[in-house]
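Read through the structure below, which is laid out as structure tokens, and then see the notes.
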2 protein chains.
Amino acid sequence: MVERYLTIGDVARRSGVAPSALRFYEQRGLIAAERSGGNQRRYERTVLRRVAFVRTASRLGLTLEQIGDALATLPDGRTPTAADWRRLSRSWRGLLDERIATLERLRDDLDSCIGCGCLSLDRCALQNPDDRAAALGPGPRYLEGDDPSDVGAGR
Amino acid sequence: MVERYLTIGDVARRSGVAPSALRFYEQRGLIAAERSGGNQRRYERTVLRRVAFVRTASRLGLTLEQIGDALATLPDGRTPTAADWRRLSRSWRGLLDERIATLERLRDDLDSCIGCGCLSLDRCALQNPDDRAAALGPGPRYLEGDDPSDVGAGR
DNA sequence: GTGAAAGATGAAGTTCACTTGAGGTCAAGG
DNA sequence: CCTTGACCTCAAGTGAACTTCATCTTTCAC
């Protein structure tokens with residue numbers, strides 16, 4: 001039989017996430033732990049899946065806040081099932097597709113611009129900030145930021 | 001005839017980059033300006049192309065430092081030609097391809113994980129951090145972070 | 001039962017790319 | 001001339017996601 005509880009060090013080793021990060025996640029309400037008599041954190045093993053979710057969503061570029069919102073939709077009383085996690089993961093799919101599409105658009109634009117070497121502010125597709133809101137990467141700025149009025153105008 | 005020099009406001013309007021950002025770029029050595037009698041910035045029009053380069057590279061997820069390094073390879077004495085810009089832009093292509101590939105891999109992994117709902121730390125491809133160094137987005141954390149020994153332990 | 005390793009806390013620091021604010025100067029139309 | 005809006009500098013603030021530090025307490029293998 002395996003230990004019932006994991007220490008923060010155990011979780012860190014098994015998840016590859018630093019203890020300081022785990023405490024930080026707890027502070028942000030993303031994970032939780034019981035406490036030992038001496039006030040040390042004791043994690044249930046399900047926390048590993050939760051941490052996995054957080055890390056993966058984070059890799060996808062979601063903010064911790066967004067991730068927290070997603071986690072909040074998990075059932076309250078019981079341990080989440082595979083189906084629960086599946087539901088959450090499915091929502092990433094659209095995001096990923098979008099991001100890939102944006103990058104591909106950018107690449108195509110780049111191709112045409114390499115042809116001309118222009119980078120003209122007036123004409124170059126690369127410079128056109130219209131889909132800036134649809135963005136690229138992890139930066140929260142990119143993912144949600146800015147209402148369209150801001151974005152278009154270049155601020 | 002057009003004005004010989006642009007004020008910071010002109011450049012801001014034409015490039016869609018805030019004056020504060022232009023000053024910041026100058027501080028970082030990315031752009032330069034002459035000064036008027038009264039110490040106000042007077043930009044040559046070529047700065048517009050330079051700013052365009054900075055913004056585009058930034059959208060691609062390069063840090064300002066990397067962008068600065070790229071700009072440093074431009075010819076010193078003369079105004080850069082279209083060919084010069086072309087050379088710089090071409091180097092983005094590989095980066096883009098890489099990023100697209102990473103995201104696609106992630107998407108495929110996600111597909112198989114949606115199937116199982118696992119997110120298992122042991123088996124799930126999504127959790128495999130092996131290509132973390134090849135990363136996704138702008139985050140410098142992602143681009144360099146973590147030596148392999150740390151990363152690997154996670155699984 | 002004891003000493004080293006591991007854990008706890010709260011505050012402050014880090015990086016990136018900027019923005020904001022305070023307090024003062026410059027330029028141009030009326 | 002004068003007012004107003006654009007500019008100047010320098011310092012500090014922002015936010016995301018953590019890490020580091022100082023100081024103290026707990027755990028556990030021997």
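Residue numbers begin at 1 in each chain, while the letters A, B, ... track the order of the sequences. Just so it is clear, the model here is predicted, and its values are computed rather than measured.
Phosphate contact (OP1/OP2 of C:dG7, side-chain N/O of A:T7, threshold under 4.0 Å): present. At least one side-chain nitrogen or oxygen of A:R41 sits closer than 4.0 Å to the OP1 or OP2 atom of C:dA8.
Side chain of A:Q40, nearest nucleotide from D:dA17, D:dC7, D:dT27: D:dT27. Distance from the side chain of A:I8 is smallest to C:dG7 among D:dT19, D:dC7, C:dG7.
Atom CD1 in B:I67 sits about 11 Å away from atom C1' in C:dC16, given to the nearest Å. At whole-Å resolution of the value, CG in A:D10 and P in C:dG7 are 7 Å apart.
For B:R23 (side chain) and B:I8 (main-chain N/O), no donor-acceptor pair under 3.5 Å exists by modelled atom type. Judged purely by atom type and a 3.5 angstrom limit, B:D84 uses its side chain to pair as donor or acceptor with the backbone of B:T81. Put simply, the side chain of B:T56 never gets that close to the backbone of B:F53: no donor and acceptor are under 3.5 Å apart.
Salt-bridge formation is detected for the pair B:R93/B:D97: a Lys NZ or Arg NE/NH1/NH2 atom is positioned less than 4.0 Å from an Asp or Glu carboxylate oxygen.
Side-chain contact between B:Y25 and B:L64 is present, with at least one heavy-atom pair separated by less than 4.5 Å.
Applying a 4.0 Å cut-off to non-hydrogen atoms, the residues of residues 22-38 of chain B that approach DNA chain D are B:R23, B:R35, listed by residue number.
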